[in-house]
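Worksheet: the structure to be examined is printed underneath.
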Amino acid sequence: MLVIKRDLALFLCLLLVGCNADTHQVDEPKRSAHEPIGYLGFVSGQAWALQFNDCGVYDLDGAKKYLWFNRNLTQVSCYQVKPDDGPEPIRIYQTPSLDAESQTIMAFTELVLSPSGWGDFPHVYQVIDGDWYRVKEGWLHLTHADKAYAQFYSGFQDGKAKAAHEDYYRNH
């Protein structure tokens with residue numbers, strides 16, 4: 001009986017070692033800490049367009065998603081942003097911890113907005129626990145409320161619609 005147990009244990013060890021040897025981990029390509037892995041964009045992949053010409057935004061609720069990215073906006077489409085409408089500045093942390101030293105910003109430096117309302121969203125360079133995002137300025141903590149307006153997308157922003165949007169703006 002002891003011999004059978006020993007042979008069974010040896011068989012299981014060899015099986016486990018064999019399985020372990022057959023599997024190999026594919027290493028992801030190493031990325032520079034300065035290379036973006038994605039970006040923060042509007043929830044549900046909505047295109048970046050302030051819709052200057054058709055008054056698509058006419059109240060604070062419609063303006064909030066744009067204000068989430070840029071607290072300096074004074075107008076979004078047909079809505080004039082009142083000083084008391086603006087949300088608090090964006091809090092950026094030195095490390096991914098709510099106890100870390102922090103600063104506030106009014107807009108992301110990588111948020112670039114053309115006169116027509118088309119823009120480039122801020123890049124994300126690292127994600128931790130689905131709530132911490134390293135952007136150019138430092139670490140951003142997305143709360144549940146923040147996730148109503150912005151979400152992380154891996155890869156790069158699709159700019160295919162930009163030319164059509166710019167053309168529409170110029171011709172209307």
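Position 1 is the first residue of the sequence, and the numbers go up from there.
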Is a side-chain N or O of [X] found less than 3.5 angstrom from the main chain of [Y], in a donor-acceptor match?
{"X": "Gln80", "Y": "Thr74", "answer": "yes"}
{"X": "Asp167", "Y": "Ala163", "answer": "no"}
{"X": "Gln157", "Y": "His123", "answer": "no"}

Report task. Just say parallel, tilted or perpendicular for the rings of Trp118 and His165, cut-offs at 30° and 60°. Result -> tilted
Report task. Quick one: sort the Phe69 and Trp48 rings into parallel, tilted or perpendicular, breaks at 30° and 60°. Result -> perpendicular
Tell me, do [X] and [Y] make a side-chain contact under 4.5 Å, heavy atoms counted?
{"X": "Asp120", "Y": "Leu111", "answer": "no"}
{"X": "Tyr168", "Y": "Ser116", "answer": "no"}
{"X": "Lys136", "Y": "Phe108", "answer": "no"}

Query raised in the report: Would you say Leu60 and Trp68 are hydrophobically clustered, going by side-chain heavy atoms of ILVMFWY under 4.5 Å?
Result: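 Shared cluster, yes.
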Query raised in the report: What about Phe121 and Leu140, same hydrophobic cluster or not, with Ile/Leu/Val/Met/Phe/Trp/Tyr joined at side-chain heavy-atom distances under 4.5 Å?
Result: yes
What distance separates [X] [atom1] from [Y] [atom2], expressed to the nearest 0.5 Å?
{"X": "Ile128", "Y": "Gln126", "atom1": "CD1", "atom2": "CD", "result": "4.5 Å"}
{"X": "Gln94", "Y": "Trp139", "atom1": "CD", "atom2": "CH2", "result": "13.0 Å"}
{"X": "Leu50", "Y": "Cys78", "atom1": "CG", "atom2": "SG", "result": "11.5 Å"}
{"X": "Thr104", "Y": "Met106", "atom1": "OG1", "atom2": "CE", "result": "8.0 Å"}
{"X": "Asp131", "Y": "Thr143", "atom1": "CG", "atom2": "OG1", "result": "8.5 Å"}
{"X": "Tyr66", "Y": "Ser77", "atom1": "OH", "atom2": "OG", "result": "7.5 Å"}

**Report entry** Trace of the side-chain hydrogen bond (donor to acceptor under 3.5 Å, both in side chains) decision for Glu137 with Thr109
**Finding:** CA-CA 8 Å; Glu137 296 82 1; Thr109 56; 2.8 Å; yes
**Report entry** Sole candidate of Ile92, Asn70, Asn72 that passes side-chain contact (heavy atoms from CB on, under 4.5 Å) when paired with Ile105
**Finding:**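 Only match with Ile105 under side-chain contact (heavy atoms from CB on, under 4.5 Å): Ile92.
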Report task. Under the side-chain contact (heavy atoms from CB on, under 4.5 Å) rule, collect the residues that match up with Val127, sequence neighbours excluded. Result -> Ile37, Val124, Tyr133, Phe152
Query raised in the report: Counting only heavy atoms not in Asp129, do more than 12 sit closer than 6.0 Å to its CG atom?
Result: no
Report task. May I ask you to check whether over 12 heavy atoms, not counting those of Glu88, lie within 6.0 Å of atom CD? Result ->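 Check fails, neighbour count at 12 or below.
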Just by distance, no angles: are the side chains of [X] and [Y] close enough, under 3.5 Å, to form a donor-acceptor pair?
{"X": "Tyr153", "Y": "Gln151", "value": "yes"}
{"X": "Tyr79", "Y": "Asp85", "value": "yes"}
{"X": "Arg91", "Y": "Ser102", "value": "yes"}
{"X": "Ser97", "Y": "Thr95", "value": "no"}

For [X] versus [Y], what's the shortest heavy-atom pair and its separation?
{"X": "Phe156", "Y": "Pro36", "result": "CE2-CG, 4.0 Å"}
{"X": "Lys147", "Y": "Gly130", "result": "NZ-O, 3.0 Å"}
{"X": "His34", "Y": "Tyr125", "result": "O-CE2, 3.2 Å"}

Query - Partner set under salt bridge (charged side-chain N to carboxylate O under 4.0 Å, His left out) for Lys65, not counting sequence neighbours - result: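 For Lys65, no residue satisfies salt bridge (charged side-chain N to carboxylate O under 4.0 Å, His left out) once neighbours in sequence are set aside.
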